[in-house]
There are 2 protein chains.
Amino acid sequence: MLDATRSWTTTLDHHVGHRSDHPTDHHVGHRTDHRRDGLADDPMDGPVAQDDPDDPVDDRTGQRTVAETAARRPASRYGNRPTMKDVAARAGVGLKTVSRVVNGEPGVTPDTERRVQEAIEALGFRRNDSARVLRKGRTASIGLVLEDLADPFYGPLSRAVEEVARAHGALLINGSSAEDPDREQELVLALCARRVDGLVIIPAADDHRYLEPEIAAGVATVFVDRPAGKIDADAVLSDSFGGARDGVAHLIAHGHRRIGFIGDQPRIHTAIERLRGYRAAMEDAEIPVDEAWVSLGLTDPERVRAAAEEMLAGPDPVTAIFAGNNRVTVTVVRVLAALDRPVALVGFDDIELADLLDPGVTVVAQDAAQLGRTAAERLFRQLDGASGAPERVELPTRLIQRGSGELPPAG
Amino acid sequence: MLDATRSWTTTLDHHVGHRSDHPTDHHVGHRTDHRRDGLADDPMDGPVAQDDPDDPVDDRTGQRTVAETAARRPASRYGNRPTMKDVAARAGVGLKTVSRVVNGEPGVTPDTERRVQEAIEALGFRRNDSARVLRKGRTASIGLVLEDLADPFYGPLSRAVEEVARAHGALLINGSSAEDPDREQELVLALCARRVDGLVIIPAADDHRYLEPEIAAGVATVFVDRPAGKIDADAVLSDSFGGARDGVAHLIAHGHRRIGFIGDQPRIHTAIERLRGYRAAMEDAEIPVDEAWVSLGLTDPERVRAAAEEMLAGPDPVTAIFAGNNRVTVTVVRVLAALDRPVALVGFDDIELADLLDPGVTVVAQDAAQLGRTAAERLFRQLDGASGAPERVELPTRLIQRGSGELPPAG
DNA sequence: CTTGCATCTGACAACGTTGTCCAGGCCCTA
DNA sequence: TAGGGCCTGGACAACGTTGTCAGATGCAAG
């Protein structure tokens, strides 16, 4: 009757322990008010910094109120899920045996395994991965920081990263920087505190030295779409320079000489590169660039509209426009649609329904999904121990002719 | 020197002299065979564990000498980040004092605080939130399970959820179910294992009883876009029925009687609701529905194109089409563009550039961002302790006339 | 020069999991 | 029948953090 002895001791142990206040096993989901002490808004003072000045508990006095005493056994208040210990007690086996069953490790009799499984089922046990992480050191999750998930360019990119992560058994945590360097840093560091195994970053900032300690500590890091600033790190980029040069050359080939360029803020690497491509194409064709044709800045519709209208007005208007990204392209399409004369347009980034417009929008397409996939794969290669100097990978772009880029100059 | 006071009963019970042996143990991560049950992935061991073979420090003795502490200092050792213990040692203070400084708790002399801050800086310490979570019980992260992040409808929704989460100091983990019920469940349970505080789910499955133990254990849950199946849970929906009815009524008002409906798979709640709206509008106008006009199924371009072409062919073709969601709309637009006669179209969901097509696409718009925001707010209200019976919130839709819905019947 | 009282500080035990290692039981061989 | 090797099961100590509580320290009042 060793079995009896065993379950006896464990049961005893169990009752002496902290959970003695549960006479019945099945506490059904009646949801009590789980208002814990200060936290209401912010349990882990994560991204939002704060000092709770209204902390209701003041234990300097040393006196113990009823409320305090109740709060003292947090384990029985909120979300106290059954643990392996509970499962073990119910199944009448040891803790480690439960662990073995849960993880499918060998060395458990079918009979024992069945008993454990039953207990798991009955209690609704689910392994706490936080604890597992703490023990194992890897979280099996990666972070993705991008500009704005709502942007049609980043959706597919994020999805591609997710698929690769999934193939490696990892989850994806993502955050939007809203193109704000401070917010980017805040997000990245919050992710590091969660101990993500790796980071895929579409940077908004241009100084990433804040990442150095993290990288030194082993956080794999890959930058996408734009390179890192002031540190050396892997980067997966589209060939912005080449793509823009080709796009502009395409316009030139169709007879244009006065070509406008509307791009993103000069702080952003791709904006610079694309402008550089524009200038290169113009120079190749020996066309001097009138600086009135060039406009960098925010990509909100108002600014872009103003910029476009300005270069389309006057005695010597541009006859073609190169749009620096998808948001710019959309706005320029609208402006041109309201115009009484045809103006050629080539946009960077493909946009949905571009083929159904009249004329169809000619674009320099980059493959967002491929960008994400490549970056994620590099990340996991880093995690698999591949070391070596950081590299910069550049993916080619593709010119898709749909009509708007093939219009001849007006007149 | 070694803490004999510990639960000596248990120590006595078992190995008596067990603590003094194995002065060193360089254990390499020897991996035994994994006979795991299905589960496809191996959550934690996915990214390979790198075992630093050159680990110079072994402090199994439990006592920390000055020399050891010094030897530990090179924080550059891979995957072995400094802990509060290290910081404490370097600053010459106690562990708890470091914790206090890190968390901005009161009761630390400015001088002490400075010393600790310096040590933190020097070592590149960053608090390990995994451990914190384990201790505190809340992860300050929420999960979002949706169909496909690359879908332009879900991007803004996800972003909206993220913003609300951020306002509450939480991070967002999201996963794509790819419209696969099994994958949805797998994802949801993985998120529960990470102990997310709450879940926002756009369900693919129609049976969510698997969530019952989780909800009972206190995981806040809100369904969006589609209600939960077979359990009672909060849901935030668009008024699919009303929206579709209005859209179809709009077509009827413009003289159409033979109106086609192309929707998503009948498994999906919104597809059913929208079809119901279609039928209601037809019935209100006393128009009998020819079942050849109705097509439910996958929303990939091929299927939709075939369905559209079929109802547009024959002697008595439809003169108008109601498209059940954004993907369907896009495909139908393409089909109609290739047609030689005008056919009216109203689509559910707004699509970008819809206004620039010719004719503009009339749509029944739902506000994806508002949907996400509302859901996330409900979630955090749950987390803040608001209890009460689950509710279903329905957001109104908005008919946007752009031309395609106002075309009269051909002939 | 005590006493009292605040203030600061640090030892210690959780939190839930997994790696290590030993103790039995079993089967097999000699 | 004894002795050796598997196989199964369980006790224990981490992992890095925070809550508790008691010990130090300083300073004012008696």
Side-chain angles (χ1 to χ4, degrees), chain A residues 2-3 6 9-10 13 17-18 37 44 57 59-62 64 68 71-75 80-88 92-103 105-113 116 125-137 193 195, chain B residues 3 5-7 10-19 21-22 25 27-32 44 59-60 62 80-88 92-103 105-113 125-137 193 195:
Chain A
L2 205 79
D3 235 29
R6 186 166 60 226
T9 42
T10 44
D13 202 38
H18 63 290
D37 38 1
M44 333 248 312
V57 175
D59 46 15
R60 276 190 287 274
T61 66
R64 184 151 303 290
E68 251 176 292
R72 206 150 66 94
R73 56 188 58 175
N80 62 328
R81 306 198 55 147
T83 73
M84 285 192 177
K85 208 155 134 189
D86 301 316
V87 174
V93 303
L95 188 55
K96 189 60 217 277
T97 300
V98 177
S99 172
R100 271 192 273 261
V101 171
V102 169
N103 294 296
E105 287 169 23
V108 181
T109 332
D111 180 58
T112 307
E113 171 160 4
V116 172
F125 166 81
R126 185 163 318 284
R127 183 178 62 197
N128 184 334
D129 275 352
S130 292
R132 184 167 212 241
V133 157
L134 184 57
R135 190 60 231 257
K136 292 208 128 181
R195 295 292 189 269
Chain B
D3 42 358
T5 66
R6 252 181 21 83
S7 54
T10 50
T11 306
L12 184 69
D13 236 356
H14 309 283
H15 7 282
V16 180
H18 151 36
R19 292 168 64 80
D21 40 10
H22 61 272
D25 61 4
H27 52 290
V28 209
H30 98 97
R31 197 179 301 195
T32 53
M44 293 299 165
D59 45 20
R60 287 292 185 278
N80 193 352
R81 306 199 56 146
T83 73
M84 285 192 177
K85 213 154 133 189
D86 300 317
V87 174
V93 302
L95 187 55
K96 189 60 217 275
T97 300
V98 177
S99 172
R100 271 190 274 263
V101 170
V102 168
N103 294 294
E105 287 170 23
V108 181
T109 326
D111 180 58
T112 308
E113 171 160 3
F125 166 81
R126 187 165 316 284
R127 182 178 64 196
N128 184 335
D129 275 353
S130 292
R132 184 166 212 240
V133 157
L134 184 57
R135 194 59 232 259
K136 290 210 133 186
R195 294 293 187 270

Next on the checklist: Between P on D/dT17 and CZ on A/Arg132, what's the gap in Å once rounded to a whole number?
Outcome noted: 21 Å
Pairwise N/O distances under 3.5 Å, protein to nucleotides 5-8 of chain D:
unit_1, atom_1, unit_2, atom_2, d
D/dT8, O3', A/Thr109, OG1, 2.8

Item to check | Rounded distance in Å - CG (B/Asn128) to P (C/dC15) | outcome: 19 Å
Checklist outcome for this item: Here the distance between atom C1' of D/dG16 and atom CZ of B/Arg126, to the nearest Å, is 15 Å
Item to check | A/Ser99 side-chain N/O to C/dT17 phosphate OP1/OP2 under 4.0 Å | outcome: no
Checklist entry - Considering residues at least two apart in sequence or located in another chain, which fulfil the side-chain hydrogen bond (donor to acceptor under 3.5 Å, both in side chains) criterion with B/Arg195? => result none
Item to check | Gap between atoms NZ and C1', on B/Lys136 and C/dA14 respectively (whole Å) | outcome: 15 Å
Checklist entry - Which pair of heavy atoms, one from B/Glu113 and one from B/Val108, lies closest together, and at what distance? => result N-CG1, 3.8 Å
Next on the checklist: Quick check: on DNA chain C, is the nucleotide nearest B/Val93 upstream (toward 5') of the one nearest A/Phe125, or the reverse? Name the residue that is more 5'.
Outcome noted: B/Val93
Item to check | Whole-Å distance separating the CZ atom of A/Arg100 from the P atom of D/dG9 | outcome: 8 Å
Checklist entry - What heavy-atom pair brings B/Thr112 and B/Thr97 nearest, and what distance separates the two atoms? => result CG2-CG2, 3.8 Å
Item to check | side-chain contact (heavy atoms from CB on, under 4.5 Å) evaluation trace for B/Arg81 with B/Asn128 | outcome: CA-CA 9 Å; B/Arg81 306 199 56 146; B/Asn128 184 335; over 6 Å; no
Item to check | Length of the line joining B/Asp129:CG and D/dG16:P, which is rounded to integer Å | outcome: 14 Å
Checklist outcome for this item: So OG of A/Ser99 and CD of A/Glu105: to nearest 0.5 Å the spacing works out to 5.5 Å
Checklist entry - In whole angstrom, what separates B/Met84's CE from D/dG19's C1'? => result 13 Å
Item to check | Any N/O donor-acceptor pair, A/Lys85 side-chain to C/dG16 base, under 3.5 Å | outcome: no
Item to check | Whole-Å distance separating the CZ atom of A/Arg195 from the C1' atom of D/dT17 | outcome: 11 Å
Next on the checklist: Let me confirm one number: the CG-CG distance from A/Asp129 to A/Leu134, rounded to the nearest 0.5 Å.
Outcome noted: 12.0 Å
Checklist entry - Just by distance, do the side chain of B/Thr83 and the backbone of B/Lys85 share a donor-acceptor pair under 3.5 Å? => result yes
